[in-house]
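Since the structure comes first, as structure tokens, the remarks are kept for the end.
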Amino acid sequence: MKYKAIKGTRDILPEEMFKRRYIENIARELFERWGYLPILTPVFEQTELFVRSIGETTDIVQKEMYTFLDRKGRSLTLRPEGTAPVVRAYLENNLKDFRNPTKLYYFMPMFRYERPQKGRLREFHQIGLEVLGARGPDIDAEVISILATYFEMLRISTYEVKVNTIGCRKCRASYTKKLRRYLKDSFEKLCVDCQFRYEANPMRAFDCKNRTCHSILNKAPQITDYVCDECQRHFEGVKHFLNISGTRFTVDKRLVRGFDYYEKTTFEVVSPLLGAQSAIGAGGRYDPLIADCGGEETPGIGFAIGVERLLLQLEEENVSLNSIPPVDVYVCYLGEDLLDKALEIVFNLRERGLSVDIDYAHRSLKGQFKVADRLKAKYVVVVAPEEEKMESVKVRDMNSGEEQIVKKEELAKTLMEIIHGG
RNA sequence: GUGACCGUAGCUCAGUUGGUAAGAGCGAUGGACUGUGGAUCCAUAGGUCGGGGGUUCAAAUCCCCUCGGUCACCCCA
């Protein structure tokens with residue numbers, strides 16, 4: 001084979017497409033019931049949008065973006081995440097005048113140049129949701145609880161919702177000083193990554209899995225103990241409203257997000273079943289982002305779910321999803337000269353709304369039945385000379401094996417009745 | 001970007017110390033059953049042994065490079 005799907009990408013074949021459509025449909029149904037509307041943004045954007053929103057020093061911007069020049073030398077980037085594009089679209093289209101707050105959801109592919117592993121691809125898909133223009137902790141709780149509700153609707157049970165606050169820019173600045181002061185004494189013991197983080201963003205050290213770092217950070221001052229009064233009140237509010245909504249969650253003081261635009265509330269849904277890439281969904285509040293993108297001061301919050309990880313989780317939990325649906329009727333014909341008659345029936349039944357198929361590979365009758373079986377056909381209609389003489393066909397119930405002769409003029413009605421009516 | 005393991009038919013795999021082993025099962029197609037599927041039996045098709053180079057009389061097998069996969073680090077959905 002000459003060509004292959006490029007590293008970290010894959011084809012999504014029919015069987016998986018139906019599973020994806022199922023989880024997508026559940027998301028649509030749920031999100032729209034809660035007042036969220038769909039949006040789709042272009043796969044690429046000006047590189048600058050991502051650099052400024054996600055943050056110059058983040059891994060995504062520094063080494064994971066698919067960035068290229070177009071034919072006029074403009075730098076473009078395949079979107080690595082959904083929030084910045086949605087914010088851009090919100091501002092560009094003045095969506096605040098359409099609905100305020102603006103509640104949106106999306107289902108889009110994302111691109112990151114990473115080394116593929118379980119639950120991590122270079123092209124992957126996210127189901128995401130954003131609320132622009134709502135400031136209070138009540139909306140934070142709504143966003144987190146819709147995420148949890150979604151998992152419940154999918155019958156996922158082995159997961160945990162973690163919630164934290166990372167403070168706003170003001171309180172984070174003073175906290176960062178305190179954290180640096182604490183880390184200074186053990187600086188030599190930190191791993192090289194954390195030594196780098198010490199300067200760039202010391203809070204990220206809480207994510208470090210290095211044992212030494214982990215134990216050092218265990219005794220470090222916690223952001224939750226140092227946030228300003230407003231952030232503290234906000235966080236208490238989030239927990240309060242989460243309790244009202246009946247959402248189960250745990251507070252994880254080590255939960256830090258990787259994008260610069262987050263502040264205050266952060267949250268994550270993790271599963272113990274997925275290996276190293278355990279976050280199925282995650283998000284947070286990003287109040288500074290909209291102003292950073294050139295809009296007026298507007299609060300925002302949202303999350304994204306990794307579709308491939310969600311599918312892995314469903315697999316791990318043995319949740320059975322409908323895949324390729326069976327056909328209602330498979331039409332067989334005995335002899336080439338009855339093809340015309342068979343096709344008339346096929347078109348007629350399709351017009352009535354039944355899913356109908358026929359053999360185009362000129363198989364023997366037995367071969368046609370085998371195909372019917374493989375397609376899980378509920379009924380087979382046989383067009384054959386003997387019945388044709390009586391303007392009739394034979395109808396076989398593929399489950400029971402029972403057969404009956406049916407007048408052609410009554411065929412559609414009869415089939416509609418036994419398939420839908422019964 | 002780093003490391004470990006792994007690439008043989010559409011799928012799952014077997015292939016001995018390098019020496020007629022290019023093989024099995026499943027699947028596909030056809031037949032036994034000339035008008036009937038899900039069972040059985042038979043037959044057929046399908047492979048540059050991931051790719052390239054090297055060692056050798058001889059390479060799926062040994063060596064090097066490369067591409068890809070898997071998992072972990074890292075990062076994150």
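Chain identifiers are assigned alphabetically (A, B, ...) following the order of the sequence lines, protein sequences preceding nucleic acid strands; residue numbering begins at 1 within each chain.
Separating the P atom of rA60(B) from that of rG23(B) is a span of 13 Å, rounded to the nearest Å. rG15(B) and rG54(B) have their P atoms separated by 29 Å, given to the nearest Å. Across rG38(B) and rA22(B), the matching C1' atoms stand 33 Å from one another, rounded to whole Å. Between the P atoms of rA58(B) and rC73(B), the separation comes to 46 Å (whole Å). The separation of rA28(B) from rC11(B), taken at their P atoms, amounts to 15 Å, rounded to a whole angstrom. Between the C1' atoms of rC74(B) and rG1(B), the separation comes to 8 Å (whole Å). Between rC26(B) and rA14(B), the distance separating the two C1' atoms is 14 Å to the nearest Å. Look at the C1' atom in both rG27(B) and rA59(B): the space between them is 31 Å, to the nearest Å.
The CG atom of Leu375(A) sits 13 Å away from the C1' atom of rG38(B) (whole-angstrom rounding). One interatomic measurement links the two molecules: CD of Glu64(A) to P of rC76(B), which rounds to 7 Å at whole-angstrom precision. A straight line from CG of Leu147(A) to C1' of rA77(B) spans 11 Å, rounded to a whole angstrom. Atom CG of Leu13(A) is separated from atom C1' of rG27(B) by 16 Å (rounded to the nearest Å). rA77(B) atom P lies 11 Å from atom CD of Glu130(A), rounded to whole Å. Here rA77(B) presents its C1' atom at 14 Å from CD of Glu123(A), a figure rounded to the nearest Å. Taking atom CD1 on Ile305(A) and atom P on rA77(B), their separation rounds to 12 Å, with Å as the unit. As rounded to whole Å, 13 Å separates atom C1' of rA77(B) from atom CD1 of Ile54(A).
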Run the numbers on Asp140(A) and Thr265(A) for side chain to side chain donor-acceptor pair (under 3.5 Å), then give the verdict.
CA-CA 7 Å; Asp140(A) 297 35; Thr265(A) 313; 2.6 Å; yes
Start with the C-alpha distance between Val61(A) and Thr58(A), add both sets of side-chain angles, then the distance that settles side-chain contact (heavy atoms from CB on, under 4.5 Å), and finish with yes or no.
CA-CA 6 Å; Val61(A) 168; Thr58(A) 58; 3.6 Å; yes
I would like to know whether Thr57(A) and Gln62(A) meet side chain to side chain donor-acceptor pair (under 3.5 Å); could you show each step before the answer?
CA-CA 6 Å; Thr57(A) 62; Gln62(A) 287 193 333; 5.9 Å; no
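In summary, the side chains of Arg79(A) and Thr41(A) do present a donor paired with an acceptor at a separation below 3.5 Å, with no hydrogens or angles considered.
Annotation: the span from Cys293(A) atom SG to Tyr286(A) atom OH amounts to 10.0 Å, rounded to 0.5 Å.
Scanning residues 37-48 of chain A for heavy-atom distances under 4.0 Å to RNA chain B yields an empty list.
Sorted by first and then second residue, the side chain to side chain donor-acceptor pair (under 3.5 Å) pairs with a member in residues 302-313 of chain A read Arg20(A)-Glu308(A), Ser271(A)-Gln313(A), Gln277(A)-Arg309(A), Gln313(A)-Glu317(A); sequence neighbours excluded.
In terms of the ring pair (Phe, Tyr, Trp, His ring centres under 6.0 Å) criterion, residue partners of Phe151(A) (sequence neighbours excluded) are, by chain and number, Tyr159(A).
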Base, backbone or nothing for each nucleotide of nucleotides 29-37 of chain B, written B, S, -, heavy atoms under 4.0 angstrom, 5' to 3'?
SSS-B-BBB
How does protein reach along nucleotides 66-73 of chain B, written 5' to 3' as B (base within reach of a heavy atom under 4.0 Å), S (only sugar-phosphate), or - (no contact)?
--SS-BBB
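Between the side chain of Ser323(A) and the main chain of Phe18(A), no donor-acceptor pair closer than 3.5 Å is present. Checked by atom type and distance alone, the side chain of Asp397(A) never pairs as donor or acceptor with a backbone atom of Gly401(A) at under 3.5 Å.
Residues Leu343(A) and Tyr333(A) have side chains not in contact (no heavy-atom distance under 4.5 Å, counting atoms from C-beta outward). In this structure, the side chains of Glu56(A) and Asp260(A) stay at 4.5 Å or more apart for every pair of heavy atoms.
Salt-bridge annotation for Glu16(A) and Arg10(A): present, with a side-chain N of the basic residue lying under 4.0 Å from a carboxylate O of the acidic one. Here Lys408(A) does not pair with Glu387(A) in a salt bridge; the nearest charged N to carboxylate O distance is not below 4.0 Å.
If you check every strand for non-hydrogen atoms under 4.0 Å, Tyr330(A) touches nothing.
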Convert the base pairs of RNA chain B into dot-bracket notation, remembering that pairs crossing earlier ones are written with [ ] and that bases paired across to another strand are shown as |; include only Watson-Crick or G-U pairs under 3.5 Å.
(((((((..((((.....[...)))).(((((.......))))).....(((((..]....))))))))))))....
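Enclosure of atom OH in Tyr113(A) is not indicated, since only 12 or fewer non-hydrogen atoms of other residues, nucleotides or ligands lie within 6.0 angstrom.
Ring geometry, Tyr226(A) versus Tyr175(A): the interplanar angle falls from 30° to 60°, so the pair is classed tilted.
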